[in-house]
Amino acid sequence: MNEYLNQALERLEKEFKDGKSVNRYAGVMAEPVKKQLEAFCKEDGEFAQAVVQGGTFKVCMEAVTKGVGNSLSDLEAYSRAVQFYFPGAKVHFRMELDLVGDAADEDKPQEAPKAERKVLNLADFF
């Protein structure tokens, strides 16, 4: 385990509990941003080190909420928080559509349909 992981998690938790919201946006976003930063720390030791050695969570939330108009996506909030601790780092987001969802039989997991295999004869193109 990374030597900085526990320090980073403890620091985020302490500063989250001790800090007052910078503004109304930070008050709403602080907990989800903290949880995502914790997940990123667990994912990458170098990021955990940056959190330990970086600025406070309160200042991070100031950076996240700077210039926010009426809305800010989760992805943008997490990206700003990551950029605060590790400039140049990127956050990638992936979404999937599950049409079966909760309707799937739990005993029989739904499998993706197999692609149909086609064979082309190049001579057909001449």
Side-chain angles (χ1 to χ4, degrees):
M1 186 178 281
N2 182 310
E3 63 183 290
Y4 291 102
L5 177 58
N6 288 335
Q7 293 175 48
L9 297 177
E10 289 170 6
R11 181 176 185 189
L12 288 170
E13 184 64 29
K14 181 182 183 311
E15 291 176 359
F16 172 75
K17 286 181 178 178
D18 292 346
K20 298 215 185 242
S21 295
V22 181
N23 54 47
R24 63 186 174 129
Y25 302 113
V28 172
M29 295 187 296
E31 187 171 2
V33 168
K34 178 190 74 83
K35 286 181 180 180
Q36 191 57 55
L37 289 174
E38 290 170 340
F40 289 148
C41 287
K42 292 174 184 175
E43 186 178 316
D44 191 288
E46 197 172 351
F47 183 74
Q49 180 179 352
V51 169
V52 170
Q53 297 173 345
T56 66
F57 184 69
K58 180 178 180 180
V59 177
C60 172
M61 290 308 300
E62 287 174 6
V64 168
T65 59
K66 184 178 181 178
V68 171
N70 292 328
S71 66
L72 182 69
S73 72
D74 293 349
L75 178 59
E76 181 63 22
Y78 302 150
S79 294
R80 289 180 181 193
V82 165
Q83 287 285 319
F84 173 79
Y85 287 109
F86 207 109
K90 298 279 185 196
V91 175
H92 297 281
F93 185 71
R94 179 174 168 231
M95 293 179 71
E96 285 183 9
L97 174 64
D98 180 1
L99 294 177
V100 176
D102 293 335
D105 185 1
E106 292 182 18
D107 295 336
K108 298 178 185 176
Q110 185 75 15
E111 291 184 20
K114 302 213 185 256
E116 185 177 321
R117 186 175 182 183
K118 296 186 187 234
V119 178
L120 298 175
N121 184 348
L122 295 177
D124 292 341
F125 293 101
F126 293 108

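Just so you know, these numbers come straight off a predicted model, no measurement behind them. Quick note: residue numbers are just sequence positions, from 1.
- Hydrophobic clustering (ILVMFWY, side-chain heavy atoms < 4.5 Å, transitive): L99 and M95 are in distinct clusters.
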Let's go through E13 and K34 carefully: what are the C-alpha distance in whole Å and the side-chain angles of both, what is the deciding distance for side-chain contact (heavy atoms from CB on, under 4.5 Å) to 0.1 Å, and is it a yes or a no? CA-CA 8 Å; E13 184 64 29; K34 178 190 74 83; 2.8 Å; yes

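- Under the side chain to side chain contact (heavy atoms under 4.5 Å, CB included) criterion, N23 pairs with Y25, A26, T65, not counting sequence neighbours.
- We find that K58 and E62 are not joined by a salt bridge, their nearest charged nitrogen and carboxylate oxygen being 4.0 Å or further apart.
- L12 is not connected to V28 by any chain of hydrophobic side-chain contacts under 4.5 Å among Ile, Leu, Val, Met, Phe, Trp and Tyr, and they are in different clusters.
- Screening residues 80-90 for side-chain hydrogen bond (donor to acceptor under 3.5 Å, both in side chains) gives E76-R80 as the qualifying pairs, with residues at least two apart or on separate chains.
- When all heavy atoms of A89 and V82 are compared, the pair lying nearest together is CB-CG1, 3.6 Å.
- Minimum heavy-atom separation, C60 to F84: CB-CD2, 3.4 Å.
- V59 and F40 fall within the same hydrophobic cluster, defined by Ile, Leu, Val, Met, Phe, Trp and Tyr side-chain heavy atoms under 4.5 Å apart, directly or through other members.
- Remark: A8 engages C41, A48, V51, V52 in a side chain to side chain contact (heavy atoms under 4.5 Å, CB included) (not counting sequence neighbours).
- Residue Q53 qualifies as enclosed at atom CD: its count of foreign heavy atoms under 6.0 Å is above 12.
- Aromatic ring orientation, F47 versus F86: tilted (interplanar angle from 30° to 60°).
- Between E15 and R11 a salt bridge is recorded (basic side-chain N to carboxylate O distance below 4.0 Å).
- Checked for salt-bridge contact, K42 and E38 miss the test: no charged N lies under 4.0 Å from a carboxylate O.
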